[in-house]
A.B. asks: 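This structure is in structure tokens; I'll ask about it shortly.
Counting convention: from 1, in listed order, for ligands and their atoms alike.
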Amino acid sequence: MNMKQKKPWGGRFTKQTAASVESFTESVSFDWRLCQHDIEGSIAHATMLAKCNLITEKEKVAIIKGLKEVLAEIRSGKFDFKESLEDVHMNIESALIERIGEAGKKLHTARSRNDQIALDLRLWIRDQTHIMIHLLISLQREFVKKGKMFFGLIMPGFTHLQHAQPVLLSHYLLAYVEMLERDITRLRDCLARLSKSPLGACALAGTTLPTDPKFTAKLLGFDGVCENSMDAVSDRDFCAEYTFCLSLIAMHLSRLCEEWIIWCNDEMKYIEISDAYCTGSSIMPQKKNPDVLELIRGKCGRVFGHLTSLLTLLKGLPLSYNRDMQEDKVALFDAADTVHDSLSILAELVANTKFNREQMTAACEKGFIDATALAEYLVKKGVPFRMAHEIVGKIVRECIRVQCKLSDLQLESFRAFSSVIEADVYKVLGVENCIRNYQSYGSTAPGLVKKRIAYWEKKLSKG
Ligand code: ARG
């Protein structure tokens, strides 16, 4: 670390910055991750400066070459990021000046770190979004694969964590595919809103120099330029929004994890996770624990925490740029890393999990999960639903008393509760019949589930 480093903003200062201030205010220890996007932005900015005759063509070429060399040096791990130069922007700029001299000093023409960081974050999130969408698609694929592989397997569907109605395991798995699809579209929406370039806003008010922000925006692949320079440098909505998108992903994953943690316990044994994706106990030799699932569930809290940090960071913050905003990256990066790692390991775990047919099938025999089908049978025979509900409730009570399933009752016993019940009642009882008889759109009817599997297979096979 070079404490004597001359500050790019040092002109009006008469004293050296205190070492404690340097280490308290630095951000390069974490914002170095923006280096590629920072350089991408600087290349576009230099190109614009040359087009507007604010630098010469020769200077532009030297700047771009120099920046590319700096990036290569960073990638090789040889670059010496200096805390005394505060952040990634000033580290790169001074390295450029060291390399190419005078021309490098012109790069910051008509630009401030305020619009520069607002740009870098947008570029970084844009790339991250694509990575995240890719991971979401990979996880969707795993669910669809399992859904196809286990098509026909019936399990109890739960409400209140109690046996409710039978469903196809495939239907359950596809529920997660739908959730993840919403996560993808949410990320795309977020992307559409952040796709405006803040470059040109400079510190907060714009510039008196004849620049062409629209040109820079186009070079960087944005849809346009931020309409208001003060908003452009103050806005971190997109960071909060992206972290909100990540929070919903993490929340979705946590629900699956919770279920599967329960599913692999000794009571349920619905699933068997491969040994490679479980861990043991340091004291109990017999243990095989679903730590990966528990950690994903736990890390969800961490992501929510980052969302809260960001919202709190922005609350009441006056326009325009304030140094508080430097903290946004700590939250943003960790939220993104956490969700990235969770998605990627969960896809592996799903691929390495087996569903236990016997246990799921046996579980369907418990809890009268065909009771609603019986009520609907009565409705088809003209009984108003509320009455049908009451009648079936009483029949269930009788079954509990004599300890049998609904389908074990004799026809006479049924008829004691309702004279509309006939021999065809046995065609609606039992989980197999229930599943076969579902018909509403979006239900677990096998034909519909099969179609949906085919739909997802086709959709997910692209790209
Ligand atoms: N490191 C700063 C951040 O992350 C960059 C912008 C600094 N701007 C300033 N006026 N000090 O927010």
A.B. asks: Which of the numbered atoms in ligand 1 are under 4.0 angstrom from any heavy atom belonging to Ser27?
C.D. replies: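 Heavy-atom distances to Ser27 below 4.0 Å select 1 (N).
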
A.B. asks: Checking a contact table here: which protein heavy atom is nearest atom 11 (N) of ligand 1, and how many Å away?
C.D. replies: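 The closest one turns out to be Arg113 NH2, 3.5 Å.
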
A.B. asks: At less than 4.0 angstrom from any non-hydrogen atom of Gln326, what atoms of ligand 1 do you find?
C.D. replies: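 Those qualifying, in numeric order: 1 (N), 2 (C), 3 (C), 4 (O), 12 (O).
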
A.B. asks: Check step by step if ring pair (Phe, Tyr, Trp, His ring centres under 6.0 Å) holds for Phe158 and His163.
C.D. replies: CA-CA 5 Å; Phe158 295 84; His163 286 197; 5.3 Å; yes

A.B. asks: Between Thr159 and Gln162, is any side-chain donor less than 3.5 angstrom from a side-chain acceptor?
C.D. replies: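 Distance-only check fails for Thr159 and Gln162.
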
A.B. asks: Please write down residue, atom name and distance for the protein heavy atom closest to atom 5 (C) of ligand 1.
C.D. replies: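 Closest protein heavy atom to atom 5 (C) of ligand 1: Asp87 OD2, 3.5 Å.
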
A.B. asks: Starting from atom 6 (C) of ligand 1, find the nearest protein heavy-atom neighbour and note its residue, name and distance.
C.D. replies: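 Protein heavy atom with the smallest distance to atom 6 (C) of ligand 1: Tyr321 OH, 3.4 Å.
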
A.B. asks: Using the rule ring pair (Phe, Tyr, Trp, His ring centres under 6.0 Å), only one of Phe355, Tyr172, Tyr277 pairs with Trp260; which is it?
C.D. replies: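 Option passing the ring pair (Phe, Tyr, Trp, His ring centres under 6.0 Å) with Trp260: Phe355.
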
A.B. asks: Is any N or O atom of Arg236, backbone or side chain, closer than 3.5 Å to an N or O atom of ligand 1?
C.D. replies: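 No; the residue has no nitrogen or oxygen that sits under 3.5 Å from a nitrogen or oxygen of the ligand.
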
A.B. asks: Go through the steps to decide whether Lys7 and Ser84 satisfy the test side chain to side chain contact (heavy atoms under 4.5 Å, CB included), and finish with yes or no.
C.D. replies: CA-CA 8 Å; Lys7 306 287 185 210; Ser84 57; 3.9 Å; yes

A.B. asks: Determine, for Phe222 and Arg126, whether the Lys NZ or Arg CZ falls below 6.0 Å from the six-membered ring centre while staying within 45 degrees of the axis.
C.D. replies: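 Geometry flag: set, cation within 6.0 Å and 45°.
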
A.B. asks: Tell me whether the count of non-hydrogen atoms from other residues, nucleotides or ligands lying under 6.0 Å of NZ in Lys105 goes above 12.
C.D. replies: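 Not buried by this count: 12 neighbours or fewer within 6.0 Å.
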
A.B. asks: Backbone or side chain, does any N or O of His89 fall under 3.5 Å from an N or O of ligand 1?
C.D. replies: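 No; every N/O pair is 3.5 Å or more apart.
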
A.B. asks: Can you tell me which residue and heavy atom of the protein come closest to atom 8 (N) of ligand 1, and the distance to 0.1 Å?
C.D. replies: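 In this structure, atom 8 (N) of ligand 1 has Asn114 OD1, 3.0 Å as its nearest protein heavy atom.
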
A.B. asks: Using a distance-only test with no angle check, is there a side-chain donor-acceptor pair under 3.5 angstrom linking Gln116 and Asp38?
C.D. replies: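 Asp38 and Gln116 do have a side-chain donor-acceptor pair below 3.5 Å.
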
A.B. asks: Hey, is Lys329 one of the residues with a heavy atom under 4.0 angstrom from ligand 1?
C.D. replies: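 Flag set, Lys329 near ligand 1.
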
